[in-house]
Amino acid sequence: DAKTTQPTSMDCAEGRAANLPCNHSTISGNEYVYWYRQIHSQGPQYIIHGLKNNETNEMASLIITEDRKSSTLILPHATLRDTAVYYCIVRVRAGGGGGADGLTFGKGTHLIIQP
Amino acid sequence: DAEITQSPRHKITETGRQVTLACHQTWNHNNMFWYRQDLGHGLRLIHYSYGVQDTNKGEVSDGYSVSRSNTEDLPLTLESAASSQTSVYFCASSDRQGYEQYFGPGTRLTVT
């Protein structure tokens with residue numbers, strides 16, 4: 001799996017958009033970009049994933065640059081409950097055996113939403 | 001609603017004892033995973049399974065074993081607990097496509 005680089009921590013004001021960057025300059029053509037988050041003392045939670053097109057769901061938007069070397073997760077209207085560690089993960093969709101491989105978590109970005 | 005549960009949520013055991021952590025999912029997912037999380041590290045993969053009777057080693061499998069006798073359960077066994085295995089353990093599952101993994105609430109294990 002390609003390596004990712006994220007800032008250690010970020011602050012954002014409540015109600016504003018939170019933009020979390022991720023660098024994955026060695027990404028391969030068949031690798032997806034995934035975002036998960038982990039709220040304190042809970043299990044990680046899936047947010048969104050994408051291959052090359054921008055994606056949006058009820059939680060967030062994912063913007064992937066045209067060369068796919070970086071991406072940005074956008075939480076459009078951050079709330080205090082969005083305070084968490086956010087992980088950017090790059091991997092192929094499924095392993096060679098037909099099943100899905102485990103995820104490789106780095107240290108992520110600690111996003112703190114300020115009231 | 002479908003869910004994934006872990007038990008116990010907290011466990012204290014002594015060095016050398018065998019310990020089994022339970023993971024149960026009602027998503028009917030083929031894939032199940034065990035991770036551990038330590039301070040200063042992200043989650044690290046211990047073992048995973050693609051289906052009944054299938055198990056595979058992950059990044060940090062030494063000292064751990066799993067077995068998959070049905071779709072719903074993947075128990076994690078520490079054969080002889082060591083202090084280095086004090087950690088928070090997370091179980092997860094996904095369907096065959098594997099886009100999204102659903103994580104359990106975690107088990108905090110302390111080995112004294």
Side-chain angles (χ1 to χ4, degrees), chain A residues 1-9 22 24 30-53 55 57-60 62 73 84-111, chain B residues 3-6 9-10 21 23 25 27 29-61 64 66 68 71 74 76 88-108:
Chain A
D1 296 339
K3 179 178 171 59
T4 62
T5 304
Q6 299 178 252
T8 302
S9 65
C22 180
H24 32 79
N30 62 344
E31 288 182 313
Y32 288 70
V33 180
Y34 291 79
W35 284 84
Y36 281 74
R37 74 180 182 183
Q38 186 174 23
I39 296 170
H40 182 61
S41 298
Q42 297 182 19
Q45 177 189 23
Y46 165 85
I47 301 173
I48 200 168
H49 76 277
L51 182 62
K52 54 184 179 180
N53 298 321
E55 303 287 345
N57 63 19
E58 66 278 5
M59 288 183 67
L62 174 60
L73 178 75
V85 178
Y86 287 77
Y87 298 98
C88 171
I89 299 167
V90 170
R91 62 183 280 260
V92 295
R93 186 188 72 183
D101 293 339
L103 298 167
T104 300
F105 288 81
K107 297 190 177 179
T109 296
H110 188 193
L111 176 67
Chain B
E3 61 179 356
I4 180 165
T5 57
Q6 295 183 234
R9 295 293 312 278
H10 301 272
L21 309 182
C23 175
Q25 53 97 3
W27 295 96
H29 284 160
N30 292 101
N31 307 320
M32 296 186 72
F33 309 85
W34 274 105
Y35 298 86
R36 61 177 287 176
Q37 184 172 36
D38 306 295
L39 279 177
H41 291 274
L43 281 77
R44 292 182 289 175
L45 183 65
I46 306 172
H47 281 285
Y48 57 102
S49 168
Y50 290 152
V52 176
Q53 304 300 330
D54 176 78
T55 62
N56 305 279
K57 293 182 178 181
E59 176 189 358
V60 290
S61 60
Y64 302 94
V66 293
R68 187 91 179 268
T71 299
L74 186 70
L76 177 72
V88 180
Y89 291 84
F90 289 100
C91 177
S93 71
S94 74
D95 63 16
R96 192 174 296 280
Q97 298 297 316
Y99 286 118
E100 178 178 354
Q101 289 191 16
Y102 295 83
F103 284 79
T107 293
R108 183 174 296 276

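Just so you know, these numbers come straight off a predicted model, no measurement behind them. Below, read A as the first sequence line, B as the second, and so on, with proteins coming before strands; counting in each chain starts at 1.
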Give, as side chain, backbone, both or neither, the part of [X] having an atom under 4.5 angstrom from any heavy atom of chain A.
{"X": "B:Gln6", "result": "neither"}
{"X": "B:Tyr102", "result": "neither"}
{"X": "B:Leu45", "result": "side chain"}

- Is the number of heavy atoms from other residues, nucleotides or ligands under 6.0 Å of B:Arg108 CZ greater than 12?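 Count not over threshold, so no.
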- Item | By salt bridge (charged side-chain N to carboxylate O under 4.0 Å, His left out) - contacts of B:Asp54 (at least two apart) |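 Partners of B:Asp54 under the salt bridge (charged side-chain N to carboxylate O under 4.0 Å, His left out) test: none.
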- Query: Between CZ of B:Phe33 and CG of A:Leu103, what distance do you get to the nearest 0.5 Å?
  - Reply: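 One finds 7.0 Å between CZ of B:Phe33 and CG of A:Leu103.
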- Item | Spacing of CD belonging to B:Glu100 relative to CD1 belonging to A:Ile48, to within rounding of 0.5 Å |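 B:Glu100 atom CD to A:Ile48 atom CD1 measures 11.0 Å (nearest 0.5 Å).
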- What are the two closest heavy atoms between B:Gln101 and A:Tyr46, and how far apart are they?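 Here B:Gln101 and A:Tyr46 meet closest at O-CB, 4.3 Å.
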- Query: If you look at every heavy atom in A:Tyr87 and B:Gln37, which pair is closest and at what distance?
  - Reply: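 Nearest heavy atoms, A:Tyr87 then B:Gln37: OH-NE2, 3.6 Å.
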- Item | Within-4.5 Å side-chain heavy-atom neighbours: B:Phe103 and A:Gln38 |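 Not in contact.
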